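Not measured: the values here are computed from a predicted model. For ligands, and for the atoms within them, numbers begin at 1 and follow the listed sequence.
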Amino acid sequence: MDRAHSLERLSQENFDICIIGAGASGAGVALDAILRGYKVALIDSGDFCGQTSSKSTKLIHGGVRYLEQAFKNFDFGQLKQVKHGLRERKYLYSNARYITKKLGIITPVFSALEGFYYFMGLKLYGFFALKDHFPSARWLTRKEMLTESPNITSKAHSGVLYYDGQLDDARYVMALVKTAYREGLAAANYCRLTGFDKDSTGKLSAARVEDVLSGETFTIKSKRFINCTGPFSDAVRLMANPAEERRIVPSKGVHVMVPRKYFEGDKALLIPKTSDGRLIFVIPFRWKVMIGTTDTPYKGGSEEPRLEKEEAEYLLETAKPYLNEVPDISEVKAGFGGVRPLLLARRRSEENTKSLLRDHEVETDEESGLISLLGGKWTTYRLMAQDTMDVVDSLFGKKNACRTHDYKLVGNDAETEQPVEYEDLYWQRLLSYYGCQTPEVLALDGGKEEKLHPAQPYLSAEVVFACRYEMAQTIRDFMARRVRWEILDWSSCREAVEKVGEIMAAELRWTDTRKEREINEYQKLLKDLIDNV
Ligand SMILES: Cc1cc2nc3c(=O)[nH]c(=O)nc-3n(C[C@H](O)[C@H](O)[C@H](O)COP(=O)(O)OP(=O)(O)OC[C@H]3O[C@@H](n4cnc5c(N)ncnc54)[C@H](O)[C@@H]3O)c2cc1C
């Protein structure tokens, strides 16, 4: 993906649709729109997937908690959401098979009665998924449970195993953007919307944009503008129409990353009840285990929601009764925080975030013409995009078919054979990032051998690939989102900053001053993240 070329297109061409925000929502809408034949622009003020969408629990799920609430409260709205989520699960899972997998999740129970309750509930959950080839729930004896997951406490009576999906969220957005780009999308990261121009009738006619990296400003002319800025949606809605009421209640959620030895095996753990009435998951993710998440009102505005020490302590304390051993806080090697874009129904006054529905809505502002895709969750990004484009289609007086149900993303185009000369794990890791583009990564200079860090698997060639084909613009783009190193281990990440900076400087033709600044800024950020916990 060529950023300079995209910038030229964005400033010079006339588009049908301009999408603001390139998280799961914006990238999903971009792909749906381009497949319906529109000329589409996509911008983000930071990196692709730089905000909430890269900081999720990474579950593709209908939401077992919503199912419980649906029955406890006779709430059919919640039930509908569970069904939507489960229906979408199979599309999300199968359209980018190399980035997704089926994840077995065990709920330990402490009595037979409790076991019966969860078993029936999770069987029902599977029933709502219809026939999507995810295994159905099983009630495991204590011995079976400990064979599957040896670190679960032996004090548990037994466990209920059910299945959901797991994805690498930032890699998934990358695959969506790359696929849409291949189909003709003009996309650029680090382009911030600063305002709109309007025509004589008050309708939006152009987006005013600042290239955050160069400081240059330009406008994007388009017939329609779609706001996909997640937790930042209100700011864009108010830019288009200052009379609009606020709709988003930001809620912070964090995860901690702990060493794998505390939770081995390939299954995850569901903690069904916490002191504040939530669910918490312990999930193997790449070579670490993540524990999360929390749900607290967020008042930090546009500041990055970082993992705080008390949050890490709370998560470790909550996991304690369910595991043989939990790490000390000093063993937390990384973590991350995100902000949920919870949607406030119009005229709803309560602000208790746990009681708000994680539903989505496509809102059209009659005055300015801005379309906003509000709320939702990762699992339903495709459905959210489809609903948005159905509205846009009707505004254009068209009725195009949605093609994303079964549209394979870049990297999933063909089956990639595993060459015999590579060790399994080495090859599997690359495949799970790049799918059938893996040979392209390995064909780059130093592709096969040159590692960025003696104790980590990442290759120099991946930095080159990220710059040339995935529009990485900063060291953090590479570390946090292209290879997920930052969310796995801050310390080793720090040790490789200089080397990554050198490669990026050569690829992106940075001056020495820029290179030094990039290296120093990212080193400082990592130090702050470490010091915070
Ligand atoms: C802790 C946590 C765990 C979660 N876990 C799950 C899960 O396991 N499964 C699930 O289904 N869902 C989960 N979710 C929900 C899901 O992650 C979000 O609903 C989803 O990622 C929101 O995507 P988005 O694209 O709307 O927002 P974002 O990903 O935040 O994207 C919005 C983008 O807009 C850009 N932007 C903002 N202002 C501007 C501007 N002025 N100009 C240009 N660009 C701008 C931002 O830079 C950002 O990249 C979780 C959420 C959180 C917080």
Pi-cation contact, F15 with K39 (under 6.0 Å, within 45°)
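Flagged: K39 positioned over aromatic ring of F15.
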Quiz item: cation-pi between K102 and F134, 6.0 Å / 45°
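Yes, cation above the ring, under 6.0 Å and within 45°.
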Quick one: which of E88, R340, K58 has a heavy atom closest to atom 53 (C) of ligand 1?
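Nearest heavy atom to atom 53 (C) of ligand 1 lies in R340.
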Closest by any non-hydrogen atom to atom 45 (C) of ligand 1: pick that one out of S45, G230, A24.
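Heavy atom nearest to atom 45 (C) of ligand 1 belongs to S45.
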May I ask you to check whether Y433 and Y98 place their ring centers less than 6.0 Å from one another?
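Aromatic pair excluded; centres sit 6.0 Å or further apart.
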Within-cut-off N or O pair, [X] and ligand 1, under 3.5 Å:
X    : result
G376 : yes
T57  : yes
W378 : yes
D47  : no
T52  : yes
T379 : yes
G253 : no

Near L59, which atoms of ligand 1 are under 4.0 Å from a heavy atom of that residue?
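So the answer, numbered in order with elements, is 7 (C), 8 (O), 9 (N), 10 (C), 11 (O).
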List ligand 1 atoms under 4.0 Å from F232, heavy atoms only on the residue side.
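Listed by number with element, the hits are 37 (C), 38 (N).
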Under 3.5 Å, side chain of R3 to main-chain N/O of A188, donor-acceptor pair present?
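No, because the side chain of R3 does not come within donor-acceptor range (under 3.5 Å) of the backbone of A188.
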Candidate list D47, D168, D169, test salt bridge (Lys or Arg N to Asp or Glu O under 4.0 Å), partner R481, passing option
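Only one of D47, D168, D169 forms a salt bridge (Lys or Arg N to Asp or Glu O under 4.0 Å) with R481, namely D47.
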R476 and salt bridge (Lys or Arg N to Asp or Glu O under 4.0 Å): which partner among E304, E518, E521?
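Single pass found, and it is E304.
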Does [X] have a non-hydrogen atom less than 4.0 Å from ligand 1?
X    : result
K252 : no
H255 : yes
C191 : yes

Heavy atom under 4.0 Å from ligand 1: found in [X]'s side chain, backbone, both, or neither?
X    : result
T380 : neither
T229 : both
C228 : backbone

Atom 20 (C) of ligand 1: which protein heavy atom is closest, and how many Å away?
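Result for atom 20 (C) of ligand 1: S53 OG, 3.8 Å.
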Within the supplied structure, the quantity of interest is the number of heavy atoms (other residues, nucleotides, ligands) at a distance under 6.0 Å from K83 NZ; does it exceed 12?
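Incorrect, the count does not exceed 12.
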Whether the Y522 and E486 side chains hold a donor-acceptor pair (N or O, under 3.5 Å, no angle test) is what I'd like checked.
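A donor-acceptor contact under 3.5 Å links the two side chains.
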Of all heavy-atom pairs between L7 and C191, which one has the smallest distance, and what is that distance?
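In terms of heavy atoms, the two residues are closest at CD2-SG, 3.6 Å.
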Heavy-atom closest contact (V256 atom, A312 atom, distance)
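That would be CG1-CB, 3.6 Å.
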Candidate list I291, V289, L103, test side chain to side chain contact (heavy atoms under 4.5 Å, CB included), partner I283, passing option
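Passing option: L103.
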